[in-house]
Amino acid sequence: AQDVTIPIIVKDTTSFYWQIVLAGARQAGKDLGVNVPELGAQSEADINGQISILENAVAGSPAAVVISPTEFKALGKPVDEAAQSVPVIGIDSSADSKAFTSFLTTDNVEGGRIAADGLAAAIKATTGKEEGEIAIITSLPGVGSLDQRREGFLDQVATKYPGLKVIADKYADGQATTGLNIMTDLITANPDLVGVFASNLIMAQGVGQAIAENKLGDKIRVIGFDSDDKTVGFLKEGVLAGLVVQDPYRMGYDGIKTALAVSKGEKVEAFVDTGANLVTQENMADPKIDALLNPKVD
Amino acid sequence: MSVETTETAPAPKRGMNILFGLTLLGLLLFLWLLLGLATNSFWTPNNISNLLRQGSMTAILAVGQTFVIITAGIDLSVGAVVGFTSVIVAWLLQAGVPLWASIVLTLLIGVAIGAFHGFGIVRMGLPPFIITLATLTSLRGIGLLLTNGSTISINHEGFTDFSRADFLGIPSLFWMVVLVAIPAFVFLHLSRWGRYLFAVGSNSEAARLSGVNVTRTLYLAYILSSTCAAFVGLLLASRIGIGNATQAEGWELQAIASSVIGGTSLFGAVGSVHGPLLGAFILATINNGANLLNVNSFWQRIVTGLLIIVIVYFDQLRRRSSR
Amino acid sequence: MSVETTETAPAPKRGMNILFGLTLLGLLLFLWLLLGLATNSFWTPNNISNLLRQGSMTAILAVGQTFVIITAGIDLSVGAVVGFTSVIVAWLLQAGVPLWASIVLTLLIGVAIGAFHGFGIVRMGLPPFIITLATLTSLRGIGLLLTNGSTISINHEGFTDFSRADFLGIPSLFWMVVLVAIPAFVFLHLSRWGRYLFAVGSNSEAARLSGVNVTRTLYLAYILSSTCAAFVGLLLASRIGIGNATQAEGWELQAIASSVIGGTSLFGAVGSVHGPLLGAFILATINNGANLLNVNSFWQRIVTGLLIIVIVYFDQLRRRSSR
Amino acid sequence: MSSFEELSHRHDDEARMAEPDSVPRGAPILELRGLQKKYGLVEALKPADVTFLSGEIHAIVGENGAGKSTLIKLLTGVIRRTAGEVLWCGRPVQLATPTEAISRGINAVHQEVVLCPHLSVAANMFLGDEMSRNGLMRQGAMERAAQAVLDDLGFHIPARISLGRLTIGQQQLVATARAAMRGIRFLIFDEPTAYLTRQESAELFRLIRRLREQGVTIVYISHRMEEVFELADRVSVLRDGAHVGTRLIGETSEAELVALMINRSIEQIYHKEKVPLGDVILETRGLSGPGFEDVSLSVRAGEIVGLYGLIGAGRSEFALGLYGRQPLSGGEIYWDGSKVTIGSERAAMDLGIALAPESRRDQGLCLNLPIGLNINLPVFRRLSSGIVIRRSEEAANADRQIRDLRIKTPSRRVLASAMSGGNQQKIVIGKWLSHGARLFVFDEPTVGVDVGTKAEIYRLFGQLLKNGAGIILISSYLPEVYELSDRLHVFRDGRLVASHPFRGASHEDVLTEAIGI
Ligand SMILES: Nc1ncnc2c1ncn2[C@@H]1O[C@H](COP(=O)(O)OP(=O)(O)OP(=O)(O)O)[C@@H](O)[C@H]1O
Ligand SMILES: Nc1ncnc2c1ncn2[C@@H]1O[C@H](COP(=O)(O)OP(=O)(O)OP(=O)(O)O)[C@@H](O)[C@H]1O
Ligand SMILES: [Mg+2]
Ligand SMILES: [Mg+2]
């Protein structure tokens, strides 16, 4: 019955964030009567894998393709090439291509800035001033969106918060345990540490655990990125000071919706920003934020 | 690797093992001394606790791995087993299964995986590298399927508090190492089954002709390795408070490296229990020290690689000269 | 492991190699037929092109890896070398070095890495597993240090267009496989150096006493493997248009799996050039088919693991029965 | 009671508990009825009926590949039979696993040493049967017991060191001691003297006779006829996998056995070509290296120079040093009168030296590669034009050696590992015959080789000599070196202690010099 096929290609199917994107897309498929193959590489670092998946998806002659390019430059030409046979809709991140018919992104650089603002505010709330030593922990090197968050964060700190000093700029290996170990060692080595930005879900889990273990939630403020039960729990307990949350569900849903419209020849918005929000204990009860924190994943 | 005597690790002299253990211990203490001089924070009780915690899981994996390597095999699946069993225990606890039952069931899954490896190697004649590589691939898939790519939070306070607890001032995680190491030592060095592991690794045909049940010995080695991994899965779940199938990626290589740094020969028939323990804590010290010294994490990788070469090289030298 | 005949891979009878090649080819064609029936899109020229492109890089790595495995060694570093050399070529091109020189220099880096492995194994007496594991760790670190953890864009149009180009309707990447496979075949199966690889893998002492320069043979094997990896690094850089040190993670395991599926024995002295090629394209077909059939990517992992077991098992069976 | 008997007694009790049967001395203890073994299409053992009597020494002889080792492996549970029946004390038994055989008191010293090189001598002797108390091994007790047994048997081997540190010969002795400890009712020796010197052989014979006195049934396989006549009560002959007869030793002769074995007669085993001696090819002056010291000798064209000595006397080490395998620490080598340095095996080969090494498993053969590849390995350079190998010549060369040496194989593509011990030895020799050289070093060339082929190999020596080559013959088998050498050197403790011209001293003198009393 569903003869319209619109595949969605995410960066990493093994991550919760992308599962929410897929859930949104799945729901859109159900609502709109579109067949939505859910594709994606198994690591955000696997660029070649995503290119192959894009090639395979295009070979199936779908009505359109929704993709979240894993690396800006690398996916440029493959997207150009794909766009020659099908309309391509970008979500989440951008690629070095002008061939996207429409684009729904959250700006990761902006996300990094929001995190910096959130961290500064949290530090001010504890110590009374926007001053002190802070650190950033990145889950994996060489991942586009994480690089952008780091860049946004560092830039914002440098320009807006001269009192905050980044004393450690660490990379882990994608493992929560490594994040945990790095954090405990940072605590040991830097007794004056007041804030940390853990720039994705897995790092927020590991870092949160280190803070919880050492009961330092009121001394070291941590801003995480993205959310799940665990990190929301940490937020409630005050272990984490805040989470930068995007709207992955909407990205998935609207991505498919836009793609369907494009395939029917309708006119669509060329650029949509789905936004990123800072979630703290104060605003987490907001219905809008609550919806972001509890997406309908089935 | 069947016909070469030249390639087999030269058999160690009596007492050699102990001597090497002491050399390694010396290296570890030297590193600690150095870090104590270079940083103010190294010799704080807090940091020592952290260090012991950080090395514990790799240490247990390395001991299990050593049993397998002594039989001239290898177990590439341990990292995947850790991730998978962390999912299993989280899932069981979430489903309301009592703690003790969850733990027992998770360990049994470890036993089952090990038995499957034994089956593949003994009955199907597959090389250990291949069967454990296949399990590695499949287990991650099954774990991801179970969780649909996300993580399962563990809300059992007692369980998650355990990894943070201390006993007699020593972290409970390190006590778990002791709990594994003592029976492992008795098994490997004092019991006849341990000797059979060495015999099978040295010359399985000779062992078979002597009436050693080679099949059972191999099953045993792989079951022990997987069960250690499942145990580490429990500890990991307790430590990070979640079950997640993609965790512990690459830990198999760390475990193998620890074991080899600890003097285990990948050609089989040479190894001990204390060696891999020291190896694991040497690696943990390197990471801990690098963090304390705020060394760029990329340098950390480079140094780890070089150190593996240097340590194993000196081990070889020492063994060769002692022939 | 000096006295075991039972564990040595039983060697293939006359024509056995060819026969096994045919069985594998049969399996590949069978998969293709099946996918042709199950999907509309499989047998489109576009998809076949995709498939050929997707299998190419693993195929080249697997051929290089096979040389090493035949000598009873292993090269865990190839994935890291791919990532590292992608950084090198991007860096050179960015620095304005002419294309040909960048390519030559990158390949020379591959040669140097292989020579270092040879040195570690022959002169320092390290097990291949360890030295290549150490390089794996260190190379990623060096690559990350060079790029400071980010990526280097390649703006040389001719270079990045190459991987997308076709020649005679066949993707240029696949032509690269042909370019590697033909000399590799001549080398391994028709030249005396190929025979020496087998002899060293079977019994290096016997080979040495027969006048085979074992040292040189081992150097050669590891240099060939690393150079193949550097070549794949070039292809990858061309395909993704960037240099990034974290790319190609885990490709070493894929290459080893392809090689073993293609009938190479991890005990050494058994292997061919066509086997790993077929193995790589079988794995590529599984992934391609799974994508076309919209199989959940987690299932894909599970199936890949199982398939490795099944294929290697039947290979063992066939060899045993043909004794 | 000696410590050795005590230990075997320990087993005896266990065995008696497991197996209440016992038969009177002289009655059948083990009977084979139509016992058969096939490897695929190869019939390694055709249906055989043989009866072993309790307390006898039963020799088995036959050509290489006749099926002797196969028979032994069947009896010790190493391999499973294809058909037939085995009666143990009159009752059918499976003998499906080594454990079952051991539990009945059946054990063997196999042709190839099968022990664990990484374990200590004591651990090897007790492997699978450790002394333990409360689940923990009694390591000290085992070491003392093992040492006592070794001392008792007159083997001078420390029980605590790793087995891998011993020479092959010493390892063989450990295997013997171990088997004697366990095979308390039925003990099989598969060419036990192959790597032993005469003195050690004598020790072994004393042990075998002592075991017979204790009522143990002994099966003794050997290619050395004089040993068979010295030891055995009865002898069975195998030919091409078939049992062709059993004789009482008193009622047969060497000629009859040989005729049964090979179905043709050989006039003379030690065939010595009289070749006029030519110029000196090789001379060493005060050569020293690991394991040998100050060795000066020379070899002329047409001359066989024999090196005799006990295990570990340093002859193999000398050969390996000469061949460039191990660095020399002193002395000079002259080739055709001019001083040379030999830095690698290849350099030695290029000079014109060929070495057929001592251990075919460890040094001689690539076991899991085809016979053809093994034979051609030293000569691929000659068989190649440019990059590629000339495949027809490759095949022709291998086939010629297989034919000339009568290697029993359907094809050059069969793996070396599927060959019997003697046939493997022929491959090692064939490899060097095809290479050709001016100086051949043969280290224990006839270990495990049957009489017919031995004669063949000696004839080949003659051929080489006539072509102007010289030969260094290393052998622990005194009759061989004694009868063949134009000049016989005796090694002891790494030094050359005596030299004799052809038959220049008696066997006894040579032996005394080797032992050094
Ligand atoms: N694993 C095997 N596969 C195939 N054929 C085999 C195998 N083992 C032995 N054979 C064959 O069985 C036959 C008998 O071999 P066996 O080892 O019993 O000979 P043998 O009498 O002991 O000879 P030798 O005196 O040379 O040791 C030989 O032709 C040999 O090639
Ligand atoms: N690498 C080595 N370094 C030092 N000594 C060695 C080495 N290898 C062997 N030896 C010793 O050198 C001596 C000579 O051994 P070799 O094997 O040459 O004796 P052989 O006369 O050939 O006796 P066999 O009858 O065992 O062949 C032995 O005592 C041995 O233990
Ligand atoms: Mg035999
Ligand atoms: Mg010798």
Side-chain angles (χ1 to χ4, degrees), chain B residues 1-8 72 74 76 120 124-131 133-145 148-149 201-206 208 253 256-257 260 265-269 296-309 312-313 316-317 320, chain C residues 1-9 72 74 76 120 124-131 133-145 148-149 202-206 208 245 253 256-257 260 265-268 296-309 312-313 316-317 320:
Chain B
M1 301 202 231
S2 49
V3 214
E4 310 189 20
T5 12
T6 43
E7 262 203 29
T8 53
I74 200 146
L76 293 181
M124 301 174 74
L126 301 175
F129 195 98
I130 288 303
I131 178 95
L133 174 61
T135 329
L136 154 72
T137 315
S138 291
L139 272 188
R140 293 244 185 251
I142 300 176
L144 285 166
L145 212 58
N148 194 21
S202 179
N203 184 346
S204 72
E205 186 62 15
R208 196 169 73 88
L253 295 184
I256 294 169
V260 172
S265 159
L266 286 171
F267 299 111
N296 178 323
S297 50
F298 305 146
W299 271 111
Q300 216 163 310
R301 297 197 193 209
I302 302 176
V303 170
T304 308
L306 291 180
L307 227 93
I308 292 177
I309 296 183
V312 180
Y313 173 62
Q316 300 281 341
L317 260 198
R320 219 174 303 163
Chain C
M1 286 202 248
S2 45
V3 213
E4 310 188 24
T5 14
T6 42
E7 258 203 30
T8 53
I74 199 145
L76 293 182
M124 301 175 71
L126 301 175
F129 194 99
I130 289 303
I131 177 96
L133 174 62
T135 331
L136 154 71
T137 315
S138 292
L139 271 189
R140 293 242 186 251
I142 300 175
L144 285 167
L145 212 58
N148 195 21
S202 176
N203 184 345
S204 67
E205 182 64 18
R208 157 169 287 151
L253 295 183
I256 294 168
V260 172
S265 160
L266 287 171
F267 297 110
N296 177 320
S297 56
F298 305 148
W299 271 111
Q300 216 163 309
R301 291 200 193 203
I302 303 175
V303 170
T304 308
L306 291 180
L307 230 94
I308 292 176
I309 296 182
V312 179
Y313 173 61
Q316 301 282 341
L317 260 199
R320 219 173 304 163

Top contributor to chain C interface from B:Leu307, B:Leu145, B:Leu253, B:Ile308 [non-hydrogen pairs under 4.5 Å]: B:Leu145
I'd like to know which of B:Ile130, B:Leu133, B:Leu136 tops the heavy-atom pair count under 4.5 Å against chain C. B:Ile130
Distance col, row B:Ser138:OG vs C:Trp299:CH2, nearest 0.5 angstrom, shows 10.0 Å
What pair of heavy atoms forms the shortest contact from B:Ala134 to C:Gly305, and how long is it? CB-O, 3.3 Å
Looking at B:Leu139, B:Ile309, B:Ile131, which has the largest count of heavy-atom pairs under 4.5 Å with chain C? B:Ile309
Contact check, side chains of C:Phe129 and B:Ile74, non-hydrogen atoms, under 4.5 Å: yes
Among B:Thr304, B:Val303, B:Ile142, B:Leu76, residue most engaged with chain C (heavy-atom pairs, under 4.5 Å): B:Ile142
Winner by heavy-atom pair count (cut-off under 4.5 Å) against chain B, out of C:Leu144, C:Thr135, C:Asn148: C:Leu144
Does the side chain of C:Pro128 reach to within under 4.5 Å of the side chain of B:Leu266, using non-hydrogen atoms? no
